Amino acid sequence: MIRDEIIELVGRALHAAQAAGDLPQFAAPEVTVEHPQRTEHGDFSANLALRIQGLAKMKALEVAEALRRHVPAHEAVSEVRVAPPGFLNLYLGAGWLAGQASAIADAGERYASSDRGAGQRIQIEYVSANPTGPIHVGNGRGAAIGSTLANVMVAAGYDVEQEYYVNDAGTQVAIFGRTLYARYQQLFGRDVTVPENGYPGEYVLDVARGIKDQAGDRFLRPEGEEPSAELGQLGIQVMVDHIREDLALMGVEYDRWYSERSLQAEGGAYNRVLDLLRQQKHVVEREGAVWFASSELGESKDNVLIRSDGMPTYYATDIAYHYDKFIERKFDRVIDIWGADHQGHVSRVKAAVAAIGGDPSKLDVLLYQLVALRRGDQAVPLSKRAGEIVTLRDVVEEVGKDATRFFFLLPSANQTMDFDLELAKKQSDENPVYYVQYAHARIAGILAKAVEQGISADGADASLLTHEAEQTLLRKLLLLPEVLETVVDDLGPHHLPHYAQDLASAFHVFYTQCRVIDAENPDLSRARLLLLEAARVVLARTLGLMGVSAPEQM
RNA sequence: GCGCCGGUAGCUCAGUGGAUAGAGCAUCAGUCUUCGGAACUGACGGUCGGGGGUUCGAAUCCCUCCCGGCGCGCCA
């Protein structure tokens with residue numbers, strides 16, 4: 001991308017200046033450039049002179065001037081200036097910029113893809129909500145973040161595997177099984193109530209009904225007896241199917257659904273990992289429970305692996321799961337995306353990864369802060385009476401997949417957010433989703449009209465794209481590769497919707513100022529159609545990565 | 001009490017070492033005989049939570065205090 005070429009140019013200028021004796025010899029720091037806020041400061045600005053003034057024992061302005069004299073010629077760069085207190089400002093040439101229209105249009109949907117990831121195998125695990133209930137609004141945020149990040153990393157050349165960890169074992173599942181059995185018995189007229197600590201939601205009754213329709217009274221046992229484990233597992237399966245459907249409504253698809261239970265099954269990683277930890281003397285028994293002596297590894301406390309009732313904790317199976325990720329499946333990198341309420345879990349999982357022979361620096365845990373639901377000024381409680389919650393499905397069905405994803409992506413992950421249902425639904429200028437999609441539909445409309453009138457971009461002379469609005473739009477189009485790199489480096493998908501709004505804005509300005517289809521100016525029309533094609537490509541790509549549709553009309 | 005996250009324009013948020021701190025919405029004032037007005041232009045609006053420090057340069061890094069959210073050994 002152009003930014004990296006500019007960095008390269010500045011680096012070469014430094015070496016050339018040193019070789020020519022205009023600057024003294026010293027080890028050069030890494031060169032960085034940025035986009036100045038003010039356009040008169042150029043397209044790229046390097047602060048190198050300011051940073052090396054001490055090393056050079058010269059005034060920053062003089063260093064910058066020495067650098068400027070040695071910047072090699074480059075087809076994209078029309079001018080290099082020095083500005084106080086010592087910036088080196090580089091300007092892109094109008095002709096080169098104009099030429100990018102055809103380069104982008106030709107790249108099509110591959111535009112902004114890169115091989116930065118070099119095929120590195122990376123696993124992204126997200127949502128992974130307990131299958132004991134429907135997936136709720138907060139999980140939706142994780143879904144939007146995770147799947148968007150996955151899309152972008154694929155575009156950046158990573159070999160990505162998206163995974164949902166199904167907590168189909170443990171206490172909560174057992175409680176779900178007992179709740180389900182109570183509901184199941186109710187369907188046969190037995191006077192039983194949902195257990196005290198059970199799941200009061202109506203959905204469990206629906207699950208029971210479905211099982212009764214399929215299997216009749218097969219799971220009914222004499223009164224007072226415990227339910228079969230099979231019933232619970234069947235119920236979990238039904239819940240997982242629902243979760244899969246709910247996430248599919250949001251455009252989220254996984255490569256793999258990984259069963260926690262399978263870890264504990266014969267040949268699963270759980271026993272091997274426990275043996276491994278025992279061998280390494282990381283395990284102590286105390287108060288009837290088995291503990292991971294994590295405080296010896298710098299953690300603030302020890303953590304229970306096996307409870308006094310003999311059941312493994314979530315933590316224990318999670319260690320086994322990460323053993324599977326790092327040691328057995330040998331992912332180069334692992335990203336876990338969790339709600340902020342799991343924050344306390346982060347350092348102990350990292351400690352465990354180190355203990356089992358993994359490299360904790362290859363584990364990134366992306367935490368997102370919690371979501372509150374709003375309808376205008378009105379707060380919407382996430383859980384209503386009797387265990388009923390506002391589900392993700394409710395939200396998607398009310399405001400649509402596009403608005404749901406866009407709104408979840410907008411704030412950075414470590415910002416708590418209010419999801420405003422009223423705003424997300426609004427078809428007005430208050431709603432940024434429509435602003436961006438409208439830009440795409442508008443372009444599609446003009447392109448369709450051009451086809452109608454028999455005009456095309458074939459043989460366009462891009463060098464006619466000299467209007468300020470055209471050049472501003474071109475600059476925005478060139479930014480997408482940098483945005484994708486930032487998303488990958490910061491694990492920050494929120495940059496995408498912000499960029500999308502900027503891009504849409506640049507297009508709308510262009511549209512207002514520049515007539516595209518103009519019978520009086522066929523050459524300019526062709527050139528502008530080419531620019532439109534490029535803009536459409538970039539807008540569609542940006543929306544596509546977010547999992548938001550790019551409509552031809554609205 | 002300890003840990004993590006946040007505090008930036010009236011509201012919702014970008015911006016994590018650069019130049020005069022940005023955007024959307026809201027408010028006010030404008031733009032259309034032509035490709036989609038779900039648009040465009042301008043104005044108004046800031047002690048970047050407070051204080052101290054580091055630096056040529058701090059919203060950004062360090063220290064400290066205040067406020068809010070989340071979490072803190074047998075839930076996940």
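Order of the sequence lines sets the chain letters (A, B, ...), proteins ahead of strands, with each chain counted from 1. The structure displayed is predicted, hence computed values, not measured ones.
If you check every strand for non-hydrogen atoms under 4.0 Å, A/Pro411 touches sugar and phosphate atoms only. Residue A/Gln343 is in base contact, counting any heavy-atom pair closer than 4.0 Å across all strands shown. Looking at heavy-atom distances under 4.0 Å, A/Arg286 makes no contact with the nucleic acid at all. Using a 4.0 Å heavy-atom distance criterion, A/Met554 is classed as a base contact. Within the nucleic acid shown, A/Gln53 comes within 4.0 Å of at least one base atom, counting heavy atoms only. Residue-level contact check: A/Ala289 touches the bases, meaning some heavy atom is under 4.0 Å from a base atom. Nucleic acid contact for A/Ser412: sugar-phosphate only, since backbone atoms but no base atoms lie under 4.0 Å from a heavy atom of the residue. Using a 4.0 Å heavy-atom distance criterion, A/Glu552 is classed as a base contact. Using a 4.0 Å heavy-atom cutoff across all strands shown, A/Asp490 reaches no nucleic acid atom at all. At a threshold of 4.0 angstrom between heavy atoms, the contacts of A/Ser428 with the nucleic acid are absent. Residue-level contact check: A/Tyr435 touches the backbone only, with heavy atoms under 4.0 Å from sugar-phosphate atoms and none from bases. At a threshold of 4.0 angstrom between heavy atoms, the contacts of A/Val509 are confined to the sugar-phosphate backbone, with no base atom among them. Residue A/His41 is classed as a base contact, given a heavy-atom separation below 4.0 Å to a base. Base contact: A/Ile517 has a heavy atom under 4.0 Å from a base atom.
Distances shorter than 4.0 Å separate some side-chain N or O of A/Tyr511 from OP1 or OP2 on B/G37. Between B/C72 and A/Arg348, no contact under 4.0 Å exists linking OP1 or OP2 to a side-chain N or O. In this structure, A/Thr171 reaches the B/A76 phosphate: one of its side-chain N or O atoms is under 4.0 Å from OP1 or OP2. For A/His495 and B/G15, the shortest distance from a side-chain N or O to OP1 or OP2 is below 4.0 Å.
No side-chain heavy atom of A/Tyr258 sits less than 4.5 Å from a side-chain heavy atom of A/Glu125.
Looking at the side chain of A/His508, the nearest of the listed nucleotides B/G69, B/C40, B/G36 is B/C40. For A/Pro36, the side-chain atoms get nearest to B/A19 when compared with the rest of B/C74, B/G18, B/A19. Here the side chain of A/His494 is nearest to one of B/C5, B/G73, B/A14, namely B/A14. Distance from the side chain of A/Ser505 is smallest to B/C40 among B/A26, B/C40, B/G15. With B/A76, B/G18, B/G71 as the choices, the nucleotide that has an atom nearest any side-chain atom of A/Asn130 turns out to be B/A76. Among B/G18, B/C75, B/A39, the nucleotide with an atom closest to any side-chain atom of A/Gln172 is B/C75. Nearest nucleotide to the side chain of A/Thr512, out of B/U20, B/A39, B/A26: B/A39. The side chain of A/Gln37 has B/A19 as its nearest neighbour among B/G73, B/A19, B/C74. Listed candidates were B/G15, B/C5, B/A26. Nearest to the side chain of A/Glu430 is B/A26. Each of B/G7, B/C70, B/G18 was ranked by its minimum atom distance to the side chain of A/Gln415; first place goes to B/G7.
The aromatic rings of A/Phe510 and A/Phe507 sit tilted, their planes meeting at an angle between 30° and 60°. The aromatic rings of A/Tyr199 and A/Phe176 sit perpendicular, their planes meeting at an angle over 60°, well past the 30° parallel limit. Ring planes of A/His494 and A/His498: perpendicular class, angle over 60° (limits at 30 and 60°).
Donor-acceptor pairing under 3.5 Å, judged by distance alone, is absent between the side chain of A/Ser128 and the base of B/A76. Applying the 3.5 Å distance criterion, the base of B/A76 shares a donor-acceptor pair with the side chain of A/His342. Contact annotation: side chain of A/Asp502 to base of B/A14, donor-acceptor pair absent below 3.5 Å. For B/G6, its base never sits under 3.5 Å from the side chain of A/Asn414 at any donor and acceptor pair.
Along RNA chain B, the nucleotide nearest to A/Lys426 and the one nearest to A/Gln501 differ in position, and the one closer to the 5' end is contacted by A/Gln501.
Across all strands shown, B/U47 remains unpaired; no Watson-Crick or G-U wobble contact has both distances below 3.5 Å. With a 3.5 Å ceiling on both atom-pair distances, the Watson-Crick or G-U wobble partner of B/U41 is B/A29. Under the Watson-Crick and G-U wobble criteria, each requiring two contacts below 3.5 Å, nucleotide B/G3 is paired to B/C70. The nucleotide B/A23 finds its pairing partner in B/U12, both defining distances of the Watson-Crick or G-U wobble pair being shorter than 3.5 Å. Both distances falling under 3.5 Å, in either a Watson-Crick or a G-U wobble arrangement, occur for no nucleotide opposite B/U34.
Although no hydrogens or angles enter the test, the distance criterion places no donor-acceptor pair under 3.5 Å between the side chain of A/Arg348 and the main chain of A/Lys301. Within the 3.5 Å criterion, the main-chain N or O of A/Tyr126 finds a donor-acceptor partner in the side chain of A/Tyr254.
Under 4.0 Å is where a charged nitrogen must lie from a carboxylate oxygen, and between A/Lys281 and A/Glu296 no such pair does. Using a cutoff of 4.0 Å between basic side-chain nitrogens and carboxylate oxygens, A/Glu520 and A/Arg515 are not scored as salt-bridged. Salt bridge present: A/Arg3 and A/Glu485 bring a charged side-chain N and a carboxylate O closer than 4.0 Å.
B/G45 and B/U27 are spaced 10 Å apart, taking the C1' atom of each and rounding to whole Å. Taking the P atom of each, B/U41 and B/G46 are spaced 23 Å apart, rounded to whole Å. Spacing of P atoms, B/A26 relative to B/A39, comes out at 10 Å, to the nearest Å. Nucleotides B/A58 and B/U47 place their C1' atoms 15 Å apart, quoted to the nearest Å. Rounded to the nearest Å, the gap between the P atom of B/C62 and that of B/C4 is 11 Å.
Remark: P of B/C4 and CD of A/Glu299 are 13 Å apart, rounded to the nearest angstrom. A straight line from CD of A/Gln513 to C1' of B/U31 spans 12 Å, rounded to a whole angstrom. Between A/His136 atom NE2 and B/A76 atom C1' the separation is 11 Å, expressed in whole Å. Atom-to-atom, CG of A/Asp377 to C1' of B/C25 comes out at 14 Å; the value is rounded to the nearest Å. Rounded to a whole Å, the CD1 atom of A/Ile306 is 14 Å from the P atom of B/C75. When the P atom of B/G18 is taken as reference, atom CG of A/Leu88 falls 17 Å away, rounded to whole Å. Atom-to-atom, NZ of A/Lys476 to P of B/A23 comes out at 11 Å; the value is rounded to the nearest Å. Following rounding to the nearest Å, A/Asp418 (CG) and B/G68 (C1') show an atom-to-atom distance of 13 Å.
Glycosidic conformation, B/G73: syn, with the torsion inside 90° of 0.
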*Could you check A/Glu452 against A/Lys449 for salt bridge (Lys or Arg N to Asp or Glu O under 4.0 Å), going step by step and ending with a plain yes or no?*
CA-CA 5 Å; A/Glu452 236 171 67; A/Lys449 185 159 190 125; 5.5 Å; no

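Stacking is not found between A/Trp291 and the pyrimidine-like six-membered ring of the B/G73 base under the 5.5 Å centre-distance and 30° plane-angle cut-offs.
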